[in-house]
Protein chains: 2
Amino acid sequence: MSIIDKAIAHFTEELGERGLRKTPERFAILREIYNLGGHLDAEDLFMHMKNQNYRVSRATVYNTLELLVEVDLVKKLQFGNNITLFEKSLGYKQHDHLICTKCGRVQEFCDPRIQQTKSMVEEFIDFEITHHSLNIYGFCRECRKK
Amino acid sequence: MSIIDKAIAHFTEELGERGLRKTPERFAILREIYNLGGHLDAEDLFMHMKNQNYRVSRATVYNTLELLVEVDLVKKLQFGNNITLFEKSLGYKQHDHLICTKCGRVQEFCDPRIQQTKSMVEEFIDFEITHHSLNIYGFCRECRKK
DNA sequence: ATAGTTGCAAAAGCTTTGCAGTATG
DNA sequence: CATACTGCAAAGCTTTTGCAACTAT
């Protein structure tokens, strides 16, 4: 069973549990995100759907993205001030992001230390963590050369 | 010499070096941020200035905030989707933030591990770091009790 | 004197909302 | 068939921009 099929199955189940309707738009958007891959914003996604002659509205794109974030199929990323991107999350291991402020490129990286930090926070500050966001900004290798 | 005086001195120097004018509005905004303390957004700051009968415009508040971030006197924080807050940074040691998604409260915490992560990124990924943002979201002690 | 800055209001950009029509369960 | 969901366009919010007036140097 491929990742996309697992995602669709999970979405179907969640929609059922929540008493929400299984509309074709919702599945089309999920499929598009998983097929495209990478990081994309709401407008990108909307245009991609339009270009393929899907009849979807911006409102539905925004609503569905929010829903997909809620059921953990998509992660919402916030970089800098007004850059919001989304990425598929099923089958992805935990990672954080490096953002090049010159060329805008986004790289992923992993460091288990963040897990230790989170454990420390839960234990000593008595804070119940739902999620985190670690972004490191600077210049990527290519931009440093120039 | 108090923190605020150091901040003013630093700002004066930076403005001089950059050939920018030392306008009363710029210093008034800097003073307001350091006097108020805590986390505040652009609109808060604008209203505070207005209430004290300062004659400043929103544009100047935004421009000056950006300038203060550039000269490292103020840090810009981005929480969730559309929450941008600013905090004074002179005399503050490095820290990150815990954001309660129920009551909106923002707590600060320190963990030296983030420095190790940054060193690792610089060394092994060849990425030149300028700054980072680590936000942990969840429920604070008070909200967990309810 | 002369640019850099400011205030004001309009514009821009992204996201949400209202409403009438549509289609899921 | 009832009503959750959709498309469309208008409205909302925060931030930016354009321009005439002002002022630091």
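Naming: A, B, ... by sequence-line order, numbering from 1 per chain.
At whole-Å resolution of the value, CG in Asn63(B) and P in dG18(D) are 13 Å apart. In this structure, Tyr54(A) atom OH and dC8(D) atom C1' are separated by 21 Å, rounded to whole Å. Atom CZ of Phe27(B) and atom P of dT23(D) are 17 Å apart (whole Å). If you take CD of Glu25(A) and C1' of dA4(D), they are 12 Å apart, rounded to a whole angstrom. Rounded to a whole Å, the CG atom of Leu45(A) is 15 Å from the P atom of dC14(C). Atom CZ of Phe79(B) and atom C1' of dT14(D) are 17 Å apart (whole Å). To the nearest angstrom, P of dT16(D) lies 13 Å from CD of Glu43(B). Going from atom CG of Asn82(B) over to atom C1' of dA12(C) covers 17 Å, rounded to whole Å.
The shortest distance between the side-chain N/O atoms of Thr84(A) and the OP1/OP2 oxygens of dT15(C) is below 4.0 Å. Taking only side-chain nitrogens and oxygens, Arg58(A) never comes nearer than 4.0 Å to OP1 or OP2 of dC8(D). Considering only side-chain N and O atoms, Tyr62(A) lies nowhere under 4.0 angstrom from the phosphate OP1 or OP2 of dT16(C). A close approach under 4.0 Å does not occur between any side-chain nitrogen or oxygen of Thr60(B) and OP1 or OP2 of dT5(C). The shortest distance between the side-chain N/O atoms of Thr23(B) and the OP1/OP2 oxygens of dT6(C) is below 4.0 Å. Lys50(B) has a side-chain polar atom (N or O) that falls below the 4.0 Å cut-off from OP1 or OP2 of dC8(C).
For the contact set between residues 12-22 of chain B and DNA chain D, defined by any heavy atom under 4.0 Å, the members are Arg21(B), Lys22(B).
Residues Cys110(B) and Met120(A) come closest through the heavy atom pair O-CE, 3.8 Å. Residues Ile129(A) and Glu122(A) come closest through the heavy atom pair N-OE2, 2.8 Å. Annotation for Val121(B) and Leu98(A): closest pair CG1-CD2, 3.7 Å, computed over non-hydrogen atoms. Shown here for Val61(A) and Ile29(A), the closest heavy-atom pair between the two residues is CA-CD1, 3.8 Å.
Each of Val56(B) and Ala42(A) lies near DNA chain C, and the nucleotide nearest Val56(B) is the one positioned closer to the 5' end.
Counted by atom type alone, Asp72(B) and His10(B) present zero donor-acceptor pairs between their side chains at under 3.5 Å.
Looking only at distances, no side-chain donor or acceptor of Asn51(A) sits under 3.5 Å from a matching main-chain atom of His48(A).
Here the NE2-NZ distance, from His39(A) to Lys75(A), works out to 10.5 Å after rounding to the nearest 0.5 Å.
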Show me the donor-acceptor pairs, under 3.5 Å and distance only, between side chains in residues 134-143 of chain A and residues at least two apart or in other chains.
unit_1    : atom_1 : unit_2    : atom_2 : d
Asn135(A) : ND2    : Gln78(A)  : O      : 3.1
Tyr137(A) : OH     : Gly80(A)  : N      : 3.0
Glu142(A) : OE1    : Arg105(A) : NH1    : 3.0

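For the pair Arg55(A) and Glu25(A), the salt-bridge criterion is not met [side-chain N within less than 4.0 Å of a carboxylate O].
For the helix from dA1(C)-dT25(D) to dG25(C)-dC1(D), the rotation axes defined at the first and last 5 base pairs enclose an angle of 30°, given to the nearest 10°.
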